[in-house]
2 protein chains.
Amino acid sequence: MRDEKFCSSNCPFTRAIGTIGNKWKPMIINVMGTRSIRFGQLDAIIPFISRKVLTEQLKELEEDGILERIAYKELPPRVEYKLSEKGLAFLPILEAIKVWQRDFEAIEGAGNLADVGDLIPHQ
Amino acid sequence: MRDEKFCSSNCPFTRAIGTIGNKWKPMIINVMGTRSIRFGQLDAIIPFISRKVLTEQLKELEEDGILERIAYKELPPRVEYKLSEKGLAFLPILEAIKVWQRDFEAIEGAGNLADVGDLIPHQ
DNA sequence: ATTAGTGGTTACCCGCCGGTAACCAGAACC
DNA sequence: GGTTCTGGTTACCGGCGGGTAACCACTAAT
(Lines give C-alpha, C1' and ligand atoms only; values in the text may rest on other atoms or scores of the structure.)
Protein backbone atom coordinates (compact mmCIF):
# COMPACT_ATOMS: atom_id res chain seq x y z
CA MET A 1 0.00 0.00 0.00
CA ARG A 2 0.97 3.59 -0.59
CA ASP A 3 1.39 5.79 2.47
CA GLU A 4 -0.96 8.71 1.95
CA LYS A 5 0.55 10.84 4.72
CA PHE A 6 3.97 10.45 3.11
CA CYS A 7 2.65 11.07 -0.40
CA SER A 8 1.11 14.39 0.62
CA SER A 9 4.25 15.66 2.33
CA ASN A 10 5.93 18.80 1.04
CA CYS A 11 9.29 16.97 0.99
CA PRO A 12 10.07 15.28 -2.36
CA PHE A 13 12.06 12.52 -0.70
CA THR A 14 9.20 11.71 1.65
CA ARG A 15 6.82 11.59 -1.31
CA ALA A 16 9.15 9.22 -3.13
CA ILE A 17 9.28 6.91 -0.11
CA GLY A 18 5.51 7.09 0.19
CA THR A 19 5.25 5.96 -3.40
CA ILE A 20 7.84 3.20 -3.76
CA GLY A 21 8.86 2.66 -0.11
CA ASN A 22 7.73 -0.91 0.44
CA LYS A 23 9.27 -4.24 -0.35
CA TRP A 24 7.15 -5.28 -3.33
CA LYS A 25 7.51 -2.33 -5.68
CA PRO A 26 11.31 -2.41 -5.95
CA MET A 27 11.07 -6.19 -6.44
CA ILE A 28 8.54 -5.81 -9.25
CA ILE A 29 10.47 -3.05 -11.01
CA ASN A 30 13.66 -5.06 -10.74
CA VAL A 31 12.08 -8.22 -12.15
CA MET A 32 10.53 -6.31 -15.03
CA GLY A 33 13.71 -4.63 -16.14
CA THR A 34 13.62 -3.52 -19.77
CA ARG A 35 11.31 -6.26 -21.08
CA SER A 36 7.58 -6.66 -21.46
CA ILE A 37 6.28 -9.28 -19.09
CA ARG A 38 2.94 -10.96 -18.44
CA PHE A 39 1.02 -11.12 -15.20
CA GLY A 40 1.49 -14.87 -14.84
CA GLN A 41 5.23 -14.59 -15.32
CA LEU A 42 5.52 -11.95 -12.61
CA ASP A 43 3.43 -14.14 -10.31
CA ALA A 44 5.73 -17.10 -11.00
CA ILE A 45 9.05 -15.25 -10.74
CA ILE A 46 8.49 -13.02 -7.71
CA PRO A 47 8.92 -15.09 -4.56
CA PHE A 48 6.14 -15.27 -1.95
CA ILE A 49 3.81 -12.71 -3.56
CA SER A 50 0.10 -13.49 -3.81
CA ARG A 51 -1.97 -12.67 -6.88
CA LYS A 52 -4.08 -10.25 -4.90
CA VAL A 53 -1.11 -8.21 -3.71
CA LEU A 54 0.54 -8.37 -7.13
CA THR A 55 -2.63 -6.95 -8.70
CA GLU A 56 -2.72 -4.12 -6.15
CA GLN A 57 0.92 -3.20 -6.55
CA LEU A 58 0.73 -3.24 -10.35
CA LYS A 59 -2.31 -0.98 -10.26
CA GLU A 60 -0.57 1.53 -8.00
CA LEU A 61 2.59 1.46 -10.10
CA GLU A 62 0.49 2.20 -13.16
CA GLU A 63 -1.34 5.04 -11.39
CA ASP A 64 2.02 6.51 -10.40
CA GLY A 65 3.21 6.42 -14.01
CA ILE A 66 5.97 3.92 -13.34
CA LEU A 67 4.71 1.19 -15.66
CA GLU A 68 2.32 0.74 -18.54
CA ARG A 69 -0.32 -1.93 -18.82
CA ILE A 70 -1.27 -3.27 -22.23
CA ALA A 71 -4.30 -5.56 -22.38
CA TYR A 72 -4.79 -7.55 -25.59
CA LYS A 73 -8.39 -8.38 -26.36
CA GLU A 74 -7.79 -12.08 -26.80
CA LEU A 75 -9.09 -15.26 -25.29
CA PRO A 76 -7.65 -16.43 -23.04
CA PRO A 77 -6.77 -12.86 -22.00
CA ARG A 78 -3.24 -11.57 -22.33
CA VAL A 79 -1.89 -8.59 -20.42
CA GLU A 80 1.63 -7.26 -20.67
CA TYR A 81 3.39 -4.85 -18.38
CA LYS A 82 6.42 -2.73 -19.19
CA LEU A 83 8.22 0.05 -17.40
CA SER A 84 7.57 3.64 -18.47
CA GLU A 85 10.38 6.12 -18.88
CA LYS A 86 10.03 6.93 -15.19
CA GLY A 87 10.23 3.26 -14.27
CA LEU A 88 13.25 2.69 -16.50
CA ALA A 89 14.97 5.64 -14.85
CA PHE A 90 14.61 3.85 -11.54
CA LEU A 91 16.55 0.78 -12.66
CA PRO A 92 20.03 2.32 -12.12
CA ILE A 93 19.02 3.02 -8.51
CA LEU A 94 18.17 -0.66 -8.01
CA GLU A 95 21.50 -1.61 -9.60
CA ALA A 96 23.25 0.66 -7.12
CA ILE A 97 21.45 -1.11 -4.27
CA LYS A 98 22.69 -4.48 -5.55
CA VAL A 99 26.27 -3.21 -5.67
CA TRP A 100 25.91 -1.69 -2.20
CA GLN A 101 24.57 -4.96 -0.79
CA ARG A 102 27.33 -7.06 -2.33
CA ASP A 103 30.11 -4.70 -1.32
CA PHE A 104 29.22 -4.67 2.34
CA GLU A 105 27.93 -8.23 2.52
CA ALA A 106 31.39 -9.51 1.57
CA ILE A 107 32.64 -8.05 4.85
CA GLU A 108 29.86 -9.69 6.88
CA GLY A 109 30.33 -12.92 4.88
CA ALA A 110 33.89 -13.18 6.14
CA GLY A 111 32.41 -13.46 9.61
CA ASN A 112 30.02 -16.19 8.54
CA LEU A 113 32.81 -18.24 7.00
CA ALA A 114 34.54 -18.18 10.35
CA ASP A 115 31.35 -19.53 11.93
CA VAL A 116 31.21 -22.38 9.43
CA GLY A 117 34.77 -23.20 10.31
CA ASP A 118 33.73 -23.47 13.93
CA LEU A 119 31.37 -26.29 13.00
CA ILE A 120 34.33 -28.51 12.19
CA PRO A 121 34.94 -30.54 15.35
CA HIS A 122 38.12 -29.63 17.18
CA GLN A 123 40.38 -32.22 18.80
CA MET B 1 10.31 -4.98 10.64
CA ARG B 2 12.76 -6.94 8.62
CA ASP B 3 11.37 -9.57 6.26
CA GLU B 4 13.04 -12.80 7.29
CA LYS B 5 12.03 -14.69 4.14
CA PHE B 6 13.60 -11.99 2.02
CA CYS B 7 16.72 -11.78 4.18
CA SER B 8 17.42 -15.49 3.81
CA SER B 9 17.03 -15.45 0.02
CA ASN B 10 19.96 -16.46 -2.15
CA CYS B 11 19.48 -13.30 -4.23
CA PRO B 12 21.51 -10.29 -3.01
CA PHE B 13 18.91 -7.81 -4.20
CA THR B 14 16.15 -9.61 -2.34
CA ARG B 15 18.26 -9.62 0.80
CA ALA B 16 18.86 -5.89 0.44
CA ILE B 17 15.12 -5.25 0.13
CA GLY B 18 14.48 -7.49 3.13
CA THR B 19 16.90 -5.35 5.12
CA ILE B 20 16.06 -1.76 4.13
CA GLY B 21 12.85 -2.26 2.15
CA ASN B 22 10.39 -0.38 4.28
CA LYS B 23 9.49 3.25 4.59
CA TRP B 24 11.20 4.08 7.89
CA LYS B 25 14.76 2.99 7.29
CA PRO B 26 15.41 5.15 4.22
CA MET B 27 13.82 8.06 6.11
CA ILE B 28 16.08 7.54 9.13
CA ILE B 29 19.24 7.15 7.05
CA ASN B 30 18.35 10.26 5.06
CA VAL B 31 17.69 12.36 8.17
CA MET B 32 20.93 11.24 9.79
CA GLY B 33 23.14 12.09 6.84
CA THR B 34 26.75 12.62 7.83
CA ARG B 35 26.15 13.97 11.34
CA SER B 36 25.80 12.46 14.78
CA ILE B 37 22.27 12.81 16.06
CA ARG B 38 20.45 12.02 19.29
CA PHE B 39 17.36 9.87 19.77
CA GLY B 40 15.17 12.78 20.75
CA GLN B 41 16.18 14.75 17.66
CA LEU B 42 15.32 11.87 15.36
CA ASP B 43 11.97 11.53 17.14
CA ALA B 44 11.30 15.22 16.63
CA ILE B 45 12.44 15.49 13.00
CA ILE B 46 11.00 12.34 11.47
CA PRO B 47 7.32 12.88 10.76
CA PHE B 48 4.68 10.54 12.19
CA ILE B 49 7.08 8.01 13.73
CA SER B 50 6.42 6.71 17.24
CA ARG B 51 9.17 6.19 19.80
CA LYS B 52 8.51 2.47 19.86
CA VAL B 53 8.96 2.07 16.12
CA LEU B 54 11.95 4.40 16.09
CA THR B 55 13.61 2.26 18.76
CA GLU B 56 12.96 -0.91 16.76
CA GLN B 57 14.23 0.49 13.49
CA LEU B 58 17.38 1.92 15.08
CA LYS B 59 18.12 -1.44 16.71
CA GLU B 60 17.75 -3.30 13.43
CA LEU B 61 19.86 -0.76 11.57
CA GLU B 62 22.57 -1.22 14.19
CA GLU B 63 22.36 -5.03 13.93
CA ASP B 64 22.69 -4.75 10.17
CA GLY B 65 25.83 -2.64 10.54
CA ILE B 66 24.29 0.44 8.95
CA LEU B 67 24.67 2.72 11.94
CA GLU B 68 26.56 2.96 15.21
CA ARG B 69 25.07 3.67 18.58
CA ILE B 70 27.12 5.51 21.18
CA ALA B 71 25.68 5.68 24.69
CA TYR B 72 27.26 8.17 27.08
CA LYS B 73 27.04 7.18 30.71
CA GLU B 74 25.58 10.45 31.89
CA LEU B 75 22.48 11.56 33.69
CA PRO B 76 20.16 12.32 32.09
CA PRO B 77 21.25 9.72 29.53
CA ARG B 78 22.61 10.76 26.16
CA VAL B 79 22.74 8.48 23.15
CA GLU B 80 24.09 9.44 19.75
CA TYR B 81 23.65 7.67 16.46
CA LYS B 82 25.80 7.99 13.36
CA LEU B 83 25.97 6.14 10.09
CA SER B 84 28.67 3.51 9.62
CA GLU B 85 30.68 3.29 6.43
CA LYS B 86 27.94 1.03 5.04
CA GLY B 87 25.27 3.54 5.98
CA LEU B 88 27.21 6.44 4.49
CA ALA B 89 27.60 4.46 1.26
CA PHE B 90 23.81 4.34 1.06
CA LEU B 91 23.39 8.14 1.04
CA PRO B 92 24.17 8.57 -2.70
CA ILE B 93 21.38 6.11 -3.45
CA LEU B 94 18.92 8.24 -1.48
CA GLU B 95 20.17 11.32 -3.31
CA ALA B 96 19.49 9.55 -6.60
CA ILE B 97 15.94 8.81 -5.43
CA LYS B 98 15.41 12.52 -4.69
CA VAL B 99 16.62 13.48 -8.15
CA TRP B 100 14.44 10.80 -9.72
CA GLN B 101 11.38 12.00 -7.83
CA ARG B 102 11.93 15.64 -8.78
CA ASP B 103 12.68 14.91 -12.43
CA PHE B 104 9.50 12.96 -13.05
CA GLU B 105 7.32 14.94 -10.70
CA ALA B 106 8.00 18.02 -12.83
CA ILE B 107 6.43 16.20 -15.78
CA GLU B 108 3.36 15.26 -13.77
CA GLY B 109 3.20 18.86 -12.55
CA ALA B 110 3.24 20.08 -16.17
CA GLY B 111 0.18 17.94 -16.77
CA ASN B 112 -1.56 19.59 -13.84
CA LEU B 113 -0.67 23.02 -15.17
CA ALA B 114 -2.26 22.09 -18.48
CA ASP B 115 -5.41 21.12 -16.58
CA VAL B 116 -5.42 24.49 -14.84
CA GLY B 117 -5.13 26.13 -18.25
CA ASP B 118 -8.23 24.28 -19.34
CA LEU B 119 -10.14 26.02 -16.57
CA ILE B 120 -9.78 29.37 -18.38
CA PRO B 121 -12.97 29.81 -20.37
CA HIS B 122 -12.49 29.74 -24.13
CA GLN B 123 -14.32 32.11 -26.47
C1' DA C 1 8.26 16.84 47.61
C1' DT C 2 7.76 17.31 43.04
C1' DT C 3 8.74 18.32 38.46
C1' DA C 4 11.54 18.16 34.26
C1' DG C 5 14.61 16.00 31.15
C1' DT C 6 16.33 11.72 28.49
C1' DG C 7 16.10 7.27 26.24
C1' DG C 8 14.07 3.79 26.41
C1' DT C 9 10.78 -0.77 27.68
C1' DT C 10 6.52 -3.05 28.35
C1' DA C 11 1.58 -4.30 28.31
C1' DC C 12 -2.53 -3.71 26.03
C1' DC C 13 -5.42 -3.64 22.19
C1' DC C 14 -7.51 -2.02 17.77
C1' DG C 15 -7.30 -1.83 12.73
C1' DC C 16 -6.26 -3.46 8.63
C1' DC C 17 -2.84 -5.92 5.72
C1' DG C 18 -2.67 -9.68 3.24
C1' DG C 19 -3.38 -14.83 2.62
C1' DT C 20 -6.79 -18.29 1.04
C1' DA C 21 -10.31 -19.95 -1.62
C1' DA C 22 -14.09 -19.44 -4.62
C1' DC C 23 -15.72 -17.51 -8.71
C1' DC C 24 -15.80 -15.28 -13.46
C1' DA C 25 -15.50 -15.13 -18.85
C1' DG C 26 -15.15 -17.63 -23.18
C1' DA C 27 -12.71 -20.29 -26.51
C1' DA C 28 -10.37 -24.63 -27.50
C1' DC C 29 -9.60 -29.24 -26.82
C1' DC C 30 -10.85 -34.25 -25.67
C1' DG D 1 -20.05 -32.24 -20.88
C1' DG D 2 -16.00 -31.39 -18.60
C1' DT D 3 -11.43 -29.45 -18.30
C1' DT D 4 -7.80 -26.09 -19.15
C1' DC D 5 -5.85 -21.58 -19.68
C1' DT D 6 -5.44 -16.51 -18.25
C1' DG D 7 -5.91 -12.45 -15.46
C1' DG D 8 -8.16 -11.01 -12.53
C1' DT D 9 -12.05 -9.79 -8.40
C1' DT D 10 -14.32 -10.54 -4.16
C1' DA D 11 -15.60 -12.13 0.52
C1' DC D 12 -13.88 -13.79 4.56
C1' DC D 13 -10.98 -13.89 8.45
C1' DG D 14 -6.70 -14.41 11.39
C1' DG D 15 -2.44 -12.39 12.77
C1' DC D 16 0.38 -8.91 13.85
C1' DG D 17 2.05 -4.17 13.04
C1' DG D 18 2.12 -0.39 15.43
C1' DG D 19 -0.16 3.33 18.37
C1' DT D 20 -1.01 4.73 23.19
C1' DA D 21 -0.04 5.16 27.79
C1' DA D 22 2.26 3.91 31.85
C1' DC D 23 6.52 3.13 33.92
C1' DC D 24 11.70 3.23 34.94
C1' DA D 25 16.31 5.27 36.49
C1' DC D 26 18.76 9.24 38.41
C1' DT D 27 19.99 14.08 38.99
C1' DA D 28 19.21 18.96 39.32
C1' DA D 29 16.32 22.54 40.14
C1' DT D 30 12.34 24.82 42.48
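Proteins come first, then strands; the chains are lettered A, B, ... in the order of their sequence lines, and each starts at number 1.
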Asp103(B): partners by side-chain contact (heavy atoms from CB on, under 4.5 Å), with sequence neighbours left out: Val99(B)
By side-chain contact (heavy atoms from CB on, under 4.5 Å) - contacts of Thr55(A) (at least two apart): Phe39(A)
Touch class at under 4.0 angstrom, heavy-atom based, for Tyr81(A) against every strand present: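 Sugar-phosphate only.
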Donor-acceptor pairs are to be reported for all side-chain atoms of residues 24-33 of chain A against protein atoms at under 3.5 Å, with residues two or more places apart or in another chain.
{"from": "Lys25(A)", "atom 1": "NZ", "to": "Thr19(A)", "atom 2": "O", "distance (Å)": "3.2"}
{"from": "Lys25(A)", "atom 1": "NZ", "to": "Glu60(A)", "atom 2": "OE1", "distance (Å)": "2.5"}
{"from": "Asn30(A)", "atom 1": "OD1", "to": "Lys98(A)", "atom 2": "NZ", "distance (Å)": "3.0"}

Under 4.0 Å protein heavy-atom contact, by nucleotide of nucleotides 22-30 of chain C - B base, S sugar-phosphate only: ----SS---
Checking [X] now: which residues fulfil side chain to side chain donor-acceptor pair (under 3.5 Å) with it, not counting sequence neighbours?
| X | answer |
| --- | --- |
| Glu56(B) | none |
| Arg15(B) | Glu105(A) |
| Arg69(A) | Tyr81(A) |

Results of salt bridge (charged side-chain N to carboxylate O under 4.0 Å, His left out) for Glu62(B) - residues two or more places apart only: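 Expected list: none.
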Heavy-atom pair of closest approach, residues Arg38(B) and Pro77(B): NH2-O, 3.8 Å
Taking every non-hydrogen atom, the tightest pair across Gln101(A) and Pro12(B):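 Scanning both residues completely, I find the closest heavy atoms to be CG-O, 3.4 Å.
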N/O donor-acceptor pair, side chain Arg78(A) with base dG7(D), under 3.5 angstrom: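 Between dG7(D) and Arg78(A), which were checked side chain against base, a qualifying N/O pair under 3.5 Å is absent.
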Test item: Val53(A) and Gln57(A) side chains (from C-beta on) under 4.5 Å apart, heavy atoms: yes
Side-chain donor or acceptor of Ser84(A) paired with backbone N/O of Gly65(A) under 3.5 Å: yes
Backbone N/O of Lys5(A) and side chain of Asp3(A): donor-acceptor pair under 3.5 Å: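 Yes: the side chain of Asp3(A) pairs with the backbone of Lys5(A).
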Axis deviation across the helix from dA1(C)-dT30(D) to dC30(C)-dG1(D), five-pair ends, to the nearest 10°: 30°
Ile70(A): hydrophobic cluster co-members (side-chain, 4.5 Å):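 Members besides Ile70(A), by chain and number: Tyr72(A).
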Any residue of residues 33-48 of chain B with a heavy atom less than 4.0 Å from an atom of DNA chain C: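 Contacting residues: Arg38(B), Phe39(B), Gly40(B).
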Using atom names, set out every protein N or O paired with an N or O of nucleotides 13-18 of chain C below 3.5 Å, distance rounded to 0.1 Å.
{"from": "dG18(C)", "atom 1": "N7", "to": "Lys52(A)", "atom 2": "NZ", "distance (Å)": "3.1"}

